[in-house]
Amino acid sequence: MQTMKDWLNKNLTAFAWGVSGAVVLLALLHWGFWIDWRFSDVNFYRLFPLFGLLAFSLMWSHYVTFAARVYSGQERSATKTYSRYTGYAVLGFLLLHPGLLAWQIYLDGYGLPPVSFQEYVGSALYGFLILGTISFMIFMLYELHRWFAKKSWWKWIVALNHLAMLLIVIHAIKLGGSLMGGWFQITFIGYAVVLVLIYLYLWDRKQLI
């Protein structure tokens, strides 16, 4: 009888693309319901949250794929092409998420970040926006892996990346108006729970950092 490990050994790439495609589809469906499918009314204020959801969802799928790869005992090369192309997508989404918001706020006459961001969310919620900013900087730092991944100190950048994912969960729940209630809020919390379980599994397998 074929086990899950055997199946992953044969279908890891398909699994990775399937998980990524599923979470991207869920994010798009949720966003569509949030804007009530009124695409003609979409502006940057309504568009920028989508890219945040897409970035987090794809990064989450990277963790799921990594855990599946560790479980199946395959090498990094097994998902090299998948990681490269979805990594480019994540980078684009990460840049568009705050970029579109900053541009729209600037066009509305509120100036440039960080002051304009504080005007947008209010002083009470500004701390949660800062969490997102810190996470963004960590994710950008992680993009240097192409040059520094083999350095002995790189493991600390990886550890910061794990932390940034958790900070994004808090950032999204507190600031993401589209996450307030409904089926996707439950889905998003499910993502967070699975992420923590993956951290524990990878820690046990000595693969977290």
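Keep in mind the model is a prediction, meaning the values are calculated, not measured. All residue numbers in this chain count up from 1 along the given sequence.
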**Student:** Counting distance only, does the side-chain N/O of Tyr191 pair as donor-acceptor with the main-chain N or O of Trp60 below 3.5 Å?
**Tutor:** no
**Student:** Evaluate the side-chain proximity of Leu58 to Leu54: yes if any heavy-atom separation is below 4.5 Å, no if none is.
**Tutor:** no
**Student:** Pair up each side-chain donor or acceptor in residues 201-209 with any protein partner under 3.5 Å, not counting sequence neighbours, and list the distances.
**Tutor:**
unit_1 : atom_1 : unit_2 : atom_2 : d
Tyr201 : OH     : Arg205 : NH1    : 2.6

**Student:** Please enumerate all residues that pass salt bridge (Lys or Arg N to Asp or Glu O under 4.0 Å) together with Arg146, with sequence neighbours excluded.
**Tutor:** Glu143
**Student:** For Arg38, check salt bridge (Lys or Arg N to Asp or Glu O under 4.0 Å) against everything at least two apart and list the hits.
**Tutor:** Asp36
**Student:** How far apart are the closest heavy atoms of Ser72 and Asn9, and which atoms are they?
**Tutor:** O-OD1, 3.3 Å
**Student:** Is it true that His62 and Ser83 share a donor-acceptor pair across their side chains at a distance under 3.5 Å?
**Tutor:** no
**Student:** Using modelled atom types only, decide if a donor and an acceptor are shared between the side chain of Asn11 and the backbone of Trp7 within a distance under 3.5 Å.
**Tutor:** yes
**Student:** Less than 4.5 Å apart, side chain to side chain, heavy atoms only: is that true for Ile130 and Tyr126?
**Tutor:** yes
**Student:** Output yes when a side-chain donor or acceptor of Thr3 lies under 3.5 Å from a complementary backbone atom of Asp6, and no otherwise.
**Tutor:** yes
**Student:** So, do Ile35 and Asp41 sit near enough that their side-chain heavy atoms are less than 4.5 Å apart?
**Tutor:** no
**Student:** Start with the C-alpha gap between Leu144 and Leu141, add the side-chain angles, then the distance that decides, and say whether side chain to side chain contact (heavy atoms under 4.5 Å, CB included) holds.
**Tutor:** CA-CA 6 Å; Leu144 299 177; Leu141 187 61; 3.7 Å; yes
**Student:** Do Val196 and Tyr71 sit in one hydrophobic cluster, given that two such residues count as connected whenever their side-chain heavy atoms are within less than 4.5 Å of each other, even indirectly?
**Tutor:** yes
**Student:** Do other residues, nucleotides or ligands put more than 12 heavy atoms under 6.0 Å from Arg84 CZ?
**Tutor:** yes
**Student:** Locate the shortest heavy-atom distance separating Thr79 from Leu12; write the atom from each residue and the value.
**Tutor:** CG2-CD2, 3.7 Å
**Student:** If only atom types and distance count, is the side chain of Thr13 paired as donor or acceptor with the main-chain N or O of Ala78 below 3.5 Å?
**Tutor:** yes
**Student:** May I ask you to test the Tyr142-Val158 pair for a side-chain heavy-atom distance under 4.5 Å?
**Tutor:** yes
**Student:** Shared ILVMFWY cluster between Leu125 and Phe117, side chains joined below 4.5 angstrom?
**Tutor:** yes
**Student:** Could you pull out all donor-acceptor pairs under 3.5 Å where a side-chain atom in residues 16-34 meets a protein atom, sequence neighbours excluded?
**Tutor:**
unit_1 : atom_1 : unit_2 : atom_2 : d
Ser20  : OG     : Ala16  : O      : 3.1
Ser20  : OG     : Ser61  : OG     : 2.9
Ser20  : OG     : Tyr82  : OH     : 2.6
His30  : NE2    : Ser178 : O      : 3.1
His30  : NE2    : Ser178 : OG     : 3.2
Trp31  : NE1    : Arg46  : O      : 2.6

**Student:** Which pairs would a plain distance check flag for residues 88-108, meaning a side-chain donor or acceptor within less than 3.5 Å of a matching protein atom at least two apart in sequence or in another chain?
**Tutor:**
unit_1 : atom_1 : unit_2 : atom_2 : d
His97  : ND1    : Phe48  : O      : 2.7
His97  : ND1    : Gly52  : N      : 3.3
Gln104 : NE2    : Asp108 : OD1    : 3.4
Asp108 : OD2    : Tyr45  : OH     : 2.4

**Student:** Under the side chain to side chain contact (heavy atoms under 4.5 Å, CB included) rule, what do Leu195 and Leu166 come out as? Steps first, then yes or no, please.
**Tutor:** CA-CA 9 Å; Leu195 183 65; Leu166 297 179; 4.1 Å; yes
**Student:** Which donor-acceptor pairs under 3.5 Å do side chains of residues 183-190 form with protein atoms, sequence neighbours excluded?
**Tutor:**
unit_1 : atom_1 : unit_2 : atom_2 : d
Gln185 : OE1    : Gly181 : N      : 3.2
Gln185 : NE2    : Leu179 : O      : 3.4
Thr187 : OG1    : Trp183 : O      : 3.0

**Student:** Are any of the side-chain heavy atoms of Tyr120 and Leu175 separated by less than 4.5 Å?
**Tutor:** no
**Student:** Pick from Val169, Leu167, Ile170, Leu163: which one makes a side-chain contact (heavy atoms from CB on, under 4.5 Å) with Ser135?
**Tutor:** Leu167
**Student:** Under 6.0 Å from the CE atom of Met140, do we count more than 12 heavy atoms belonging to anything else shown?
**Tutor:** yes
**Student:** Test of understanding: clusters of I, L, V, M, F, W, Y form through side-chain heavy atoms closer than 4.5 Å, transitively. Do Val115 and Phe136 belong to the same one?
**Tutor:** no
**Student:** Tell me whether Tyr199 at atom OH has more than 12 heavy atoms from other residues, nucleotides or ligands lying less than 6.0 Å away.
**Tutor:** yes
**Student:** As an exercise, state the distance from CE of Met137 to CG of Leu160, rounded to the nearest 0.5 Å.
**Tutor:** 11.0 Å
**Student:** How long is the span from the CD1 atom in Ile168 to the NE2 atom in His171, to the nearest 0.5 Å?
**Tutor:** 5.0 Å
**Student:** With a 4.5 Å cut-off on side-chain heavy atoms, are Gln118 and Ser123 touching?
**Tutor:** yes
**Student:** Determine, stepwise, if the pair Asn43 / Leu47 fulfils side chain to side chain contact (heavy atoms under 4.5 Å, CB included).
**Tutor:** CA-CA 6 Å; Asn43 55 31; Leu47 188 59; over 6 Å; no
